[in-house]
Amino acid sequence: MQRIGVFVCHCGTNIAATVDVKAVAEALGHEPGVVISQDYQYMCSESGQELVKNAIREQKLTGVVICSCSPRMHENTFRKAAASAGLNPYLVEIANIREQCSWIHKEVANATDKAIILGKAAVAKVHLNTPLNSMESPVVKRALVIGGGIAGIQTALDIAEAGFDVDIVEKQPTIGGKMAQIDKTFPTLDCAACILTPKMVEASQNERITIHSFSEVEDVKGFVGNFTVKIRKKARFVDETKCTGCGLCTEKCPMKKVPNEFNLGLDNRSAIYIPFAQAVPKVATIDPNYCMMMKTGKCGVCSKVCSVGAIDYKQQDTIIEQQYGAIVVATGFNPINLDKYDEFAYNQCPDVVTSLELERLMNAAGPNGGTLLRPSDKSHPHTIVFVQCVGSRCDDEKGKPYCSKICCMYTAKHAMLIREKYPDTEVYVFYIDVRTPGKNFDEFYRRAVEQYNVHYIKGMVGKVTPKSDGKIDVQASDLLANEQLHIDADMVVLAAAIEPDKTARPLATMLTTQMDTNDFFTEAHPKLRPVESATAGIFLSGACQGPKDIPETVAQGSAAAAKAIGLLCKNSITCNPCVAHSDELMCNGCSSCEKVCPYGAITYIDKEFRMPDRTTKVRRVASVNPAVCQGCGACTVACPSGAMDLNGFSNSQIMAEVDAICK
Amino acid sequence: MQEAMIKRAKELLADGSVDRVIGWKRGEFAYDMTPAVFTSAEELDSEFIFDDFTSANVSKYLVKETAKEGKILAFLKPCDTYSFNQLIKEHRIDRDKVYVIGIPGGPKLDIEKIKAKGITGILSVKNEDYTLKIETLYGEETMPFSEAILDKCASCKSKKHVVYDELIGEDGDVLDSNRFDMVEKLENMTAQERFDFWRDQLSKCIRCNACRNVCPACTCENCVFDNPKSGIDNKAPADSFEENMFHIIRAFHVAGRCTDCGECSRVCPQHIPLHLLNRKFIKDINELYGEYQAGADTTSRAPLNTYTKDDCEPSIVHERGVE
Amino acid sequence: MNKNLKEQVIRSSGVNVLKCMRCGKCSATCPSYDEMEYHPHQFVYMVEKGDIETLMKSDSIYKCLTCFACVDRCPRGVEPARVVEAVRLAAIRQQGGNHLKPTDIPGMLDEDLPQQAIVTAFRKYAK
Amino acid sequence: MQVNENFEPVIVAFCCNWCSYAGADLSGTNRLNYPSNVKIIRVPCSCRVNPMFILRAFQKGADGVIICGCHPGDCHYTSGNYFTRRRITLLYSMLDFLGIERNRTRLEWVSAAEGAKFAATMEQFTADVKALGPNRRLEDLRCRKQ
């Protein structure tokens, strides 16, 4: 037999001015199961809560209805009060008679009638409430960082620093990412390798960090605190544990005509290769598409020269399975493909390069050993034109709708570096707007103009035409001078828009995290939770969330680490008990619920049932993981048999409310 | 055809490929063909029938049959293969336990249409060159075959088998059918006319549950209408609301899963055109969310279990048809 | 500023001039650039400001070759050539009354004249 | 149809906890008036609304049912309201097919910031249902009020 207590709050005059609270208490007192019905000045006050607690104890209440303000205000207050008086907190229901009644209706009679109906609905619902207990779910004290660029390295180092194990999964043979390819960094002009490579080494030497290079995440199961991840370690045909990185094999390898990815194809490497001198791990990798031994079975030079016997042509991909408490996504970015911008002649003319290619051309470890030469004829360029916003700020058909953010600054950097090193070179920068918000950023850009005399021209390049004499005709408009220009250039540098890495989209599906239309990961709140995804336990680091420069990336990497550490510190997490559950006896195992679950909380198990005739029958039934379920209820409607129901908002509870309102 | 089927069934039974065969046998009357399971060559020889009245869809029976030990041979007409596939997709049938032989489909005959001609005491019906020779207690009657075919066959959507292990006879194609004509006609009526139409029809419902029990999409372990906890269980069509609700909920539960096999209307003893409710959902899904044929494959997402970000709003109901 | 004229130009061109981000790429490759007093990007900007009469009085409207290079290049899909054409149309229409009435058309028909030309002329020379 | 001026419809509003229920609270906080005919039932997400609930409401005497959820793309559970939109579109279309008045059912996206929209929507919906008169086509005679 239910013993329900009803408590009607005056909220000073907020409720009492338009709702006859005494009449509400009186009317609800006659509802079935209600044993006590009281009103009080301020139910949420200390003494109001005392009133409720005492009634729970004295009247041995099995359910409580508070007619007061919105449950969004004080549901937790009253739940806690009930719990402290020994009543399960989920046996409390709130009837919202302030925001949704007294504040919107002016006539007392009307408002009182409505308040009574809302109260009756709450009483009807509380009749069907069941005690719910929050589950505790343990936290695996290990983090996974997907992506080994500067964002991932920073995150991993910070997490390891806090005393937790971290794995970095990097799809390339080495960590380092885009920053390893960059020559100098703005606005300080210090060398990128000089600040990055110590961090790479630190990561490799930290005993809490495991680096899975040349690996990709293949499958993610589980939920916050307890993810199970399958990592595919791609065969590199070299035993990582044996290889010393001496590089003899790469020297002796007879196949030397392989486009070098690290230098963006501007020069060649051998079929067995180490991406660059400071690679971490410094281990050779065989490219099976070019290796003569793998293609024809004839060669085997690397195997012969390797003194430690690390070469293994028969190596297979291996799958590592590991549990993690938190996952940080740091998949980074790439410059967009410029094929469709044929007005810039990128595909026709080798002297039209992207900014990232220019980084390599200027880098001491790059194809020209640091001397800036035209790729076509290795001559010294005297006129260089930079084009901004190539593919950025376009409508959807023409490119990316967003500003890529970093191009204004790195172009100023390039322009400045060239003018510094080669004062006889004229540098033109065509811009639409120069966007330099950031510490010392605008000063930096002004230095390029004022100190280095870089020609900034407001306007866009319309056409780039390679000419027969090796020069490049750049046709552009100078909007401020109101004239059309032709510049005879030696090189053209395109500031290509950046986009999220292509592996991010399938990864988002695996992680059940959201992406925006540009494939950037969506943060849980754009302002207040910028490094968390909406999926609990998944954090975002670096440019996978949006275009960022290095300091911002590092800051976000550390912020994501802090959030992950906050999670890993806990031994267990408390779950919301208002989650879905499936009645196995009714479940058909049809998979409808699984299809609509945004969290992957539903799995299927083969369960044995004892039949009335003492035989057993094995049926496929749904099983909800209460730690993953967030309680939206999508599955309850997808389920045709009604096996799936939601704690706290069950079918019968909602229908009881409907009945009470419509009666 | 019947001989070829029996011959093949016997072979498969004999070599141990299958343990049972599901097909049809005669019920009380000559035109009353009912699904049946056969376990021996003798049974097949004496009872197995495949003729113009074997219209019942045997797919649903495989839910129970594949829960048993051993493998079963199922003869599936094109329309049955869609139901079969849909049940595979919903994990209700264990595909490994069924050997599917695709057999030609209808058109099958509707005994009610023959009876409607005033022909009674029917002993047998024979199709001779598309003229039906009907032997009755009172002598022989004839009528054109075309006037006696089942409504569901008259608006056949496909002669193609979407799944089979082997075929007896030729495979056909997906057809351009006129199956949505009546739905469209109703859509163009006024709301009052539609209401009157459905009151006329649904008020005939005696809640015998035949539509639910025959429906291959209705394979729930425990139907919501039988479950006292569901809040909508009710055995009798107590009033007009109950009549409406039963059919709305049933149609909604099979929306996106119904293959339009037409069995619901075929078995309705009150001749309520229940398939129109399902077809309304199918037509809406096709028009609003893109063509979708339940059971055409086993992997695609059911339209109600997926979405696109630019789906139409429910207010589209106000823009279509007549109020 | 003539609001009606601005509306007319915007409507007849079908161009949303507010999409322009003032990059000037349209003018960068315009082959008639040197002939024009006002350049494609200025057309877009001046229409946005509503300064259409100035454009209508300028010879620039007749210098546009309708080569559509600007339309092709514009990163934001603004289509300046359509704006130029719309201003040109506004100018033609203002040159006093209907030059062409529907009743004139039968008399103009002859076998060599493409139908399209009549329709185009009608569009241009009738209000 | 004759409009009975004294007819006060019963209107059930299902509101999702994160957007529309908060939007309804906001219209209260801003003291925006809307008819007291509207009674709100809180659900975690609009996708929790089972067609059975809607039919149940009509059975028990509701004259109109409205569902409110987060705007598409803003669902707290990321995709719930997209499923709602499909399900409810099909259900409303079916009710229309059976000749039930279109204006008795509605779905509206109301964010937590749209208190004014919530009040205006409820005002309009109540007026629409009032104009239709009592629900007769989808009522349960056993539940009819005297």
Side-chain angles (χ1 to χ4, degrees), chain A residues 336 338 340-345 385-404 407-408 428-435 456-465 472-487 489 492 494-497, chain C residues 10 13-49 51 54-55 57-84 87:
Chain A
I336 59 166
L338 294 178
K340 69 174 171 183
Y341 304 95
D342 51 0
E343 67 265 35
F344 297 122
V385 171
F386 285 88
V387 186
Q388 297 284 72
C389 300
V390 176
S392 299
R393 306 172 68 191
C394 292
D395 67 354
D396 288 338
E397 271 169 47
K398 295 275 172 83
K400 304 291 176 188
Y402 50 85
C403 166
S404 295
C407 327
C408 285
Y428 297 88
V429 177
F430 284 91
Y431 69 94
I432 305 172
D433 303 286
V434 178
R435 296 178 167 177
Y456 268 78
I457 300 171
K458 165 133 179 90
M460 190 65 183
V461 169
K463 194 156 177 55
V464 173
T465 321
I472 305 167
D473 175 39
V474 178
Q475 197 181 354
S477 62
D478 179 341
L479 290 176
L480 297 179
N482 202 10
E483 60 185 14
Q484 202 176 48
L485 297 177
H486 282 271
I487 294 175
V492 174
L494 306 176
Chain C
I10 287 179
S13 65
V15 166
N16 178 5
V17 286
L18 296 175
K19 276 166 69 181
C20 173
M21 62 167 169
R22 320 215 197 295
C23 71
K25 201 175 180 184
C26 47
S27 295
T29 45
C30 176
S32 303
Y33 191 94
D34 293 335
E35 316 279 318
M36 292 169 97
E37 184 186 0
Y38 298 107
H39 306 118
H41 70 278
Q42 288 171 296
F43 267 84
V44 175
Y45 184 54
M46 286 164 82
V47 167
E48 191 195 321
K49 283 201 304 179
D51 187 7
T54 315
L55 290 175
K57 283 186 209 120
S58 159
D59 266 359
S60 303
I61 51 176
Y62 304 108
K63 302 290 182 189
C64 168
L65 303 171
T66 325
C67 73
F68 278 29
C70 52
V71 173
D72 187 48
R73 296 284 148 72
C74 177
R76 303 192 61 84
V78 177
E79 307 186 306
R82 290 186 191 281
V83 177
V84 179
V87 176

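All chains are named by letter (A, B, ...) in the order of the sequence lines, taking the proteins before the strands, and each is independently numbered beginning at 1.
- The CD1 atom of A:Ile432 sits 12.0 Å away from the CZ atom of C:Arg22 when rounded to the nearest 0.5 Å.
- Using a distance-only test at 3.5 Å, with no hydrogens or angles considered, no donor-acceptor pair links the side chain of A:Glu343 to the main chain of C:Arg73.
- Looking at C:Cys26, there are no atoms closer than 4.5 Å to chain A (heavy atoms on both sides), in backbone or side chain.
- Without hydrogens or angle criteria, A:Lys398 side chain to C:Gly77 main chain gives no donor-acceptor distance under 3.5 Å.
- A donor-acceptor pair under 3.5 Å links the side-chain atoms of C:Arg76 to the main chain of A:Arg393, judged by distance alone.
- Annotation: side chain of A:Asn482 is in contact with side chain of C:His39 (closest heavy-atom distance under 4.5 Å).
- Heavy atoms closer than 4.5 Å to chain C are found nowhere in A:Asp396, neither backbone nor side chain.
- Counting only distance, with no hydrogens or angles, the side chain of A:Ser477 and the backbone of C:Gly24 share a donor-acceptor pair below 3.5 Å.
- Listed here is the closest heavy atom pair of A:Phe344 and C:Lys25: CZ-NZ, 3.6 Å.
- Distance CG/C:Asp72 to CG/A:Asp342: 8.0 Å, rounded to 0.5 Å.
- The line from NZ of A:Lys463 to OG1 of C:Thr29 is 8.0 Å long, rounded to the nearest 0.5 Å.
- For the atom pair SG (C:Cys74) and CE (A:Met460), the distance works out to 10.5 Å, reported to the nearest 0.5 Å.
- The distance from atom SG of C:Cys30 to atom CD of A:Gln475, rounded to the nearest 0.5 Å, is 9.0 Å.
- The parts of A:Gln484 that come within reach of chain C are both its backbone and its side chain, each placing non-hydrogen atoms under 4.5 angstrom from that chain.
- Other residues, nucleotides and ligands contribute more than 12 heavy atoms inside 6.0 Å of the OH atom of A:Tyr456.
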